Each structure stands twice: as structure tokens, then as C-alpha cells.
Protein chains: 2
Amino acid sequence: MEVTVSSCDVREVLDLVADKWSLFIVANLSDGPRRFTELKRAVDGVSQRMLTVTLRRLERDGILLRTVHAVMPPHVTYELTPLGTSLLHAAAPLIAWSNGNLEQVAAARAAYDAG
Amino acid sequence: MEVTVSSCDVREVLDLVADKWSLFIVANLSDGPRRFTELKRAVDGVSQRMLTVTLRRLERDGILLRTVHAVMPPHVTYELTPLGTSLLHAAAPLIAWSNGNLEQVAAARAAYDAG
DNA sequence: CGGAATCCTCTTAGATACTG
DNA sequence: CAGTATCTAAGAGGATTCCG
């Protein structure tokens with residue numbers, strides 16, 4: 001199996017998800033639109049600032065759509081674009097892998113630290 | 001489609017690849033063992049220090065195997081473990097997505113910046 | 001060749017306070 | 001509610017030097 005990833009351009013796009021929060025946010029939008037505060041609660045440990053920054057970046061990159069409803073109090077929703085949905089599909093196996101290999105990784109760490 | 005990623009444990013494992021270099025290194029080991037200097041050349045832009053640090057972490061997490069050949073000058077090879085190979089398979093769709101959506105993302109950025 | 005150790009800088013990101 | 005602005009601590013990471 002060969003996977004190519006050397007290009008400098010790919011670096012730029014892979015950086016999309018190679019950060020602390022993007023994958024979590026995208027995953028949390030998997031079953032429909034969410035509001036800012038909902039995401040803040042759902043994405044464990046994210047600060048308000050980092051949520052804002054990451055959402056803006058994902059919006060800029062065409063991954064999600066930000067909709068401001070002109071009401072008082074403010075109401076803003078975020079949802080995946082088609083591009084964002086395709087990213088979610090591409091990332092799903094990796095997320096599943098993480099879910100399924102918690103213990104193996106933990107065991108490897110313990111063994112390494114013991115050695 | 002629903003993807004669950006909220007657990008704090010998953011966070012820990014997902015952090016494995018949610019950094020600047022891990023996915024690149026794993027991808028570069030996809031077609032067999034590599035030496036330190038080979039990886040340094042292949043992984044564009046990585047410093048010696050970050051390559052060492054990242055390799056150590058991936059080794060600790062059971063993703064790759066480090067083998068020291070007792071010769072002079074030193075000869076060290078890195079290769080994926082079965083766990084690392086399974087990670088590569090899980091990450092492959094995401095890497096392919098990055099490869100395939102460079103232009104869409106670039107276009108989205110241009111549109112956003114123009115607006 | 002494949003690092004380790006040190007230094008130093010730049011970025012990241014949390015906390016806090018304020019706002020339409 | 002959904003941010004923005006500012007400050008600051010912590011850490012990432014580059015450059016350099018040294019070593020078996």
C-alpha cells in the first residue's frame with residue numbers, strides 16, 4: 001500500500017484537520033446544524049476563542065456554512081457544506097480507528113514507559 | 001451519518017495524528033522501512049528535532065518500530081507496526097481527500113477573502 | 001549517521017473582560 | 001447569544017552545537 005503525501009500543497013490542506021479541534025467540530029456537525037453554544041458544550045474543553053477561530057477557518061475553507069439569523073438575541077447556526085460532508089466521510093475511518101484502538105495505544109505507552 | 005468523537009479518551013488518541021508531522025511520517029512509511037535521513041528528506045520542511053520528537057512519540061504509541069543496527073556508522077530504521085499499518089489504512093481516505101480537494105479549498109478561500 | 005542538549009523565538013491558546 | 005479584544009503563560013519548534 002502506498003500513500004502519497006509529500007506535496008507542499010497537500011500539507012496545506014491536510015493542515016485543515018491536523019489541529020486540535022477541527023475534526024471534533026466537523027464530527028459534531030455530522031447530524032445537522034448546530035448553534036455556537038451547542039458546539040461549545042459538545043466539543044469538550046474548547047475555549048470560546050478557539051471555537052470561534054476554528055469555526056472561522058473552517059468557514060473560510062469551505063467546510064462549513066455560517067448562517068446569521070437577524071433576530072434578538074442573536075441566532076447563528078453552523079452546518080456542513082457538501083465539501084464538509086465529503087471531508088467527514090473521509091475522516092470517519094480515522095475517527096473510528098481512534099475509537100477502536102484506545103486500549104492498544106494505551107498498552108503500547110505503558111509498555112514503552114516501563115521499558 | 002453520525003460520527004461520535006466526544007469522549008475525552010478519543011481526544012487523546014486522535015491527538016496522535018492531529019499534529020503537524022505524524023500523518024506525513026506514517027504515510028512515508030507506507031511502502032516499507034525508512035532510515036532517519038531518508039525520512040528527513042522525504043518529509044518536507046521537518047526539522048531534525050521535530051522528526052526525532054515525533055518518531056519517538058509514534059514509537060511510544062505503538063505505531064512504529066525503531067530498529068538500531070549495531071554498525072558504524074549508525075544505521076537506524078523505522079517501520080510501521082501492525083497497529084501503525086491499521087492507522088495508515090484508516091487515514092488513507094483522509095489523505096486522499098486532501099489530495100483530491102486542493103482546488104476546491106483554494107477556491108473557497110479565495111471567495112471568502114474576496115467577500 | 002542519528003541523534004541529544006541547549007538556547008531562544010514565535011505561536012498557540014486559556015482566562016478575562018467587554019459588547020451589540 | 002455570539003461573539004471581539006487584550007493580556008499572558010505555556011509550549012512548539014527552529015538553529016546551533018556537540019557526540020558515539
Side-chain angles (χ1 to χ4, degrees), chain A residues 5 8 11-12 14-26 28-29 32-61 63-80 112-113 115, chain B residues 5 8 11-12 14-26 28-29 32-61 63-80 112-113 115:
Chain A
V5 73
C8 188
R11 159 91 287 169
E12 232 176 288
L14 204 53
D15 276 345
L16 263 179
V17 299
D19 74 284
K20 206 168 161 55
W21 304 112
S22 293
L23 272 184
F24 277 75
I25 291 172
V26 170
N28 269 291
L29 293 175
R34 287 285 180 274
R35 300 181 57 170
F36 186 87
T37 306
E38 288 178 307
L39 286 172
K40 175 106 174 56
R41 262 196 309 271
V43 180
D44 194 50
V46 72
S47 68
Q48 193 180 43
R49 182 182 177 283
M50 285 316 297
L51 183 56
T52 301
V53 168
T54 307
L55 285 170
R56 284 289 184 282
R57 199 163 53 75
L58 291 173
E59 184 194 5
R60 175 173 182 254
D61 289 337
I63 304 302
L64 55 79
L65 182 67
R66 178 173 179 263
T67 307
V68 182
H69 305 270
V71 295
M72 205 44 190
H75 186 130
V76 180
T77 56
Y78 297 89
E79 61 192 308
L80 294 179
Y112 184 95
D113 293 344
Chain B
V5 72
C8 188
R11 158 92 286 168
E12 234 175 286
L14 205 51
D15 276 344
L16 262 179
V17 297
D19 74 285
K20 207 167 161 57
W21 305 112
S22 294
L23 272 183
F24 278 75
I25 292 173
V26 169
N28 269 291
L29 293 176
R34 287 284 180 274
R35 300 179 59 169
F36 186 87
T37 305
E38 289 179 306
L39 286 173
K40 175 107 172 57
R41 263 196 310 270
V43 180
D44 193 51
V46 72
S47 67
Q48 190 182 48
R49 181 180 180 283
M50 285 316 297
L51 183 55
T52 301
V53 168
T54 307
L55 286 170
R56 283 289 184 282
R57 198 163 53 76
L58 291 173
E59 185 194 4
R60 176 174 183 254
D61 289 338
I63 304 302
L64 54 79
L65 182 66
R66 177 173 181 264
T67 308
V68 181
H69 305 271
V71 295
M72 203 48 190
H75 186 130
V76 180
T77 56
Y78 296 89
E79 61 191 309
L80 294 179
Y112 184 94
D113 294 344

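What you are looking at is a predicted structure, and each value in this text was computed from that prediction instead of being measured. To find a chain, count down the sequence lines: A is the first, B the second, and so on, and within it residues start at 1.
- Close to dC1(D), at under 4.0 Å from its OP1 or OP2, lies no side-chain N or O of Arg35(A).
- In this structure Arg66(B) satisfies the side chain to side chain donor-acceptor pair (under 3.5 Å) test together with Tyr78(B), sequence neighbours excluded.
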Could you write out each protein N or O paired with an N or O of nucleotides 8-11 of chain D at a distance under 3.5 Å?
none

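- Taking 4.5 Å as the limit, some side-chain heavy atom of His69(A) sits within range of a side-chain heavy atom of Thr77(A).
- Side-chain nitrogen and oxygen atoms of Thr52(A) include none within less than 4.0 Å of the OP1 or OP2 phosphate oxygen of dG3(D).
- Taking 4.5 Å as the limit, some side-chain heavy atom of Leu55(A) sits within range of a side-chain heavy atom of Ile25(A).
- Every residue two or more places apart in sequence or in another chain that forms a side chain to side chain donor-acceptor pair (under 3.5 Å) with Arg57(B) is listed here: Asp19(B), Ser22(B).
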B/S/- contact track for nucleotides 15-20 of chain D, protein heavy atom under 4.0 Å: B----B
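- Under the 4.5 Å side-chain criterion, counting only non-hydrogen atoms from C-beta, Phe36(B) is not in contact with Arg41(B).
- For Arg34(B), the side-chain contact (heavy atoms from CB on, under 4.5 Å) partners are Leu29(B), Asp31(B), Glu38(B), Leu39(B), not counting sequence neighbours.
- Side-chain contact between Ile63(B) and Leu16(B): present, with at least one pair of heavy atoms (C-beta onward) separated by less than 4.5 Å.
- For Arg35(A), the side chain to side chain donor-acceptor pair (under 3.5 Å) partners are His75(A), not counting sequence neighbours.
- Among the heavy atoms of the strands lying under 4.0 Å from Lys20(B) are primed sugar atoms or P, OP1, OP2 only; no base atom is included.
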Considering only distance and modelled atom types, tabulate donor-acceptor pairs under 3.5 Å from the side chains of residues 45-53 of chain B, sequence neighbours left out.
unit_1	atom_1	unit_2	atom_2	d
Ser47(B)	OG	Met50(B)	N	3.2
Thr52(B)	OG1	Gln48(B)	O	3.0

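- Axis angle across the helix from dC1(C)-dG20(D) to dG20(C)-dC1(D), with five pairs used at each end and values rounded to 10°: 50°.
- Protein chain A contacts DNA chain C from dA13(C) to dG20(C), reading 5' to 3' and using non-hydrogen atoms of the protein with a distance under 4.0 Å.
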